A.B. asks: 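Sharing a structure with you now.
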Amino acid sequence: MIDLDRVSKSYEKGQPAVDEISLHVDKGEFVFVVGESGSGKSTLIRLLLKELEPTKGIITVNGHVLNTMKHKAVSKYRREVGVVFQDFRLLNDRNVYENVAFAQHVIEEPGRIVKRRVPEVLRMVGLAEKYKSKPMQLSGGEQQRVAVARAIVNRPKILLADEPTGNLDPRNSYDIMKLLDEINQQGTTVLVVTHNKDLVDQFHKRVITMRRGIISRDVEEGFYHED
Amino acid sequence: MKIRSLGYCVRQGFKNIWRNRMFSVASITTMTACILLFGMFFSVLMNVNFMIRTLEEEVGVTVLFDEGLEQEKIDEIGEKIRAMEHVTDVTYTSAEEAWENFQQEYFEGNEEYAKSFSENGENPLANSASYTVRVDEIENQNSIVTRIKRLEGVRQVNQSAGATKTLISFNSLFTYVAVAIIALLLVVSIFLIANTVNVGISVRRHEIAIMKLIGATDSFVRAPFIVEGLLLGLIGSLIPLGILFVAYDRILGWLLNRFGVLNTISGSLPSVLEVFHVLAPVGVALGLGIGLIGSIITVRRHLRV
């Protein structure tokens, strides 16, 4: 599903943010990527979203070689990849329903599909009753649920989460991770970048540890470990 | 982009205008001024052109012949003139007809005065048989006159197109000034629309970033801003067209008076509907064009998706 072959990414001079990493993630896997700040985790996510171009190496996601992908094909590719951020990135002038429906409008889904699919996803993330609320009227945990709903409403094959619990309390963090786990159970490949040691240890998933741009550990059913 | 997204893009376009209403108002105002001026100049030009056309139809060239020229020769000259390019009409007036016309024009009601001119019943205008020659466009008149003067048996060629010439020179001066002012305003309008659309893009940077991450196509991201530019252009052309439609007579009267053209008007001028038949589509196209160019410039420069 995700293949990185000796991928490097350098920003101007100095140590590369990602340094010749090779990585393989299977379809349907759940992977934590951990490591201290500046270890290259976020760069990895941005490379996978094709927001950044690798300086070296080949990235293949879901059969697409990102290096050679034409600009026009990027939008289609991104529809296969859902993404969740630490700061939620919701549209504060629109309510919960509109935020999720926005993702469907953007990929030009017909209205009848939007009307069916959005309530379905909102039920799944437990926000069916709050569909009329504006993001600012919701708790951090609820806002992140909206963001997750938006990320999965277009049924992506892969879900990327960049510090999804970074702004949440332990209780909400656990709930969000549980939600991501459920999404994974339904077949979506999930890759979560996180700092949250407790969560990583609770979920017993594959844990990839990054340090100064390289993968220092890669353990099935592992624990949080900073070298 | 799909057809079904059109409604969405149009709604977003309206929202953009409303969100940056200050800038929208500024660009619509400039555009209104631009198209209003354009419309005014256009109306005046159309009226002046109309006058020129009327004068062209009325004013001809008069061709007089050498004294005692035989009728046969006169007919020959007529044939030659008729064969010339740009000549639309040649009418013969005999000396008798000329004298009758003269009497009618100057001595109507006082026929006895005419007699004092005509001793022994002789025609005082005996050598006034003439051709009145009309040309298709006034610009061709000079060359025709030169050619007629070269014909054998032609004594004199009279051109009485003073008023027409004045109108033509007024028309070209007016056109130059109008084109210069309109061009300047066009540039300002395009700049202001580009600026307004740019503000819209800045305000929605966050939203655009999300759209791109979710997988919006370039055209889908760009379309609302193009729609915004087009809408600004449309509104900015409908307002001045509306103003012109209502105030056409007053504006035109004032302008023509100001340039001292009003006194040369003969016959009825084109009505507001006749002018709008051309002006309305041109004005709207101009507005849409300005809006389109303004928004495309900005979207290209500031919306690299």
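Numbered from 1 within each chain, the chains take letters A, B, ... in sequence-line order. Excluded from the calculations below are hydrogen atoms, water molecules and symmetry mates; all remaining heavy atoms, backbone and side chain alike, are included. Source: prediction; values computed, not measured.
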A.B. asks: About how many Å separate CD of Glu109(A) and OG of Ser5(B), when rounded to the nearest 0.5 Å?
C.D. replies: 10.0 Å

A.B. asks: Can you confirm whether more than 12 heavy atoms, excluding those of Phe14(B), are under 6.0 Å from its CZ atom?
C.D. replies: no

A.B. asks: How far apart are the closest heavy atoms of Ala216(B) and Ser75(A), and which atoms are they?
C.D. replies: O-CB, 3.3 Å

A.B. asks: Tell me whether the count of non-hydrogen atoms from other residues, nucleotides or ligands lying under 6.0 Å of CZ in Phe88(A) goes above 12.
C.D. replies: yes

A.B. asks: Using non-hydrogen atoms and a 4.5 Å limit, figure out which bit of Arg94(A) sits close to chain B: side chain, backbone, both or neither.
C.D. replies: side chain

A.B. asks: Which heavy atom of Phe85(A) sits nearest to which heavy atom of Leu213(B), and what is that distance?
C.D. replies: CZ-CD1, 3.3 Å

A.B. asks: What part of Asp93(A) lies closer than 4.5 angstrom to a heavy atom of chain B: side chain, backbone, both or neither?
C.D. replies: side chain

A.B. asks: Quick check: are there more than 12 heavy atoms from other residues, nucleotides or ligands sitting under 6.0 Å from OH of Tyr131(A)?
C.D. replies: no

A.B. asks: Taking Ile214(B)'s backbone N and O only, do any of them form a donor-acceptor pair with Arg78(A)'s side chain (distance below 3.5 Å, no angle check)?
C.D. replies: no

A.B. asks: Is there side-chain contact between Ile210(B) and Phe102(A), with at least one heavy-atom pair below 4.5 Å?
C.D. replies: yes

A.B. asks: Would you mind telling me which of Val106(A), Val74(A), Leu49(A) has the largest number of heavy-atom pairs within less than 4.5 Å of chain B?
C.D. replies: Val106(A)

A.B. asks: With sequence neighbours excluded, tell me which residues meet ring pair (Phe, Tyr, Trp, His ring centres under 6.0 Å) with Tyr77(A).
C.D. replies: His64(A)

A.B. asks: Please list, in residue-number order, every residue in residues 191-199 of chain B that has a heavy atom less than 4.5 Å from any heavy atom of chain A; write 'none' if there are none.
C.D. replies: none

A.B. asks: Please classify the contact of Pro110(A) with chain B as side chain, backbone, both or neither, using a heavy-atom distance under 4.5 Å.
C.D. replies: both

A.B. asks: Which heavy atom of Leu91(A) sits nearest to which heavy atom of His206(B), and what is that distance?
C.D. replies: CD2-CD2, 4.0 Å

A.B. asks: Say you draw a straight line from NZ of Lys72(A) to OG1 of Thr217(B); how long is it, rounded to the nearest 0.5 Å?
C.D. replies: 9.0 Å

A.B. asks: Between Glu51(A) and chain B, which part of the residue has a heavy atom less than 4.5 Å away: side chain, backbone, both or neither?
C.D. replies: side chain

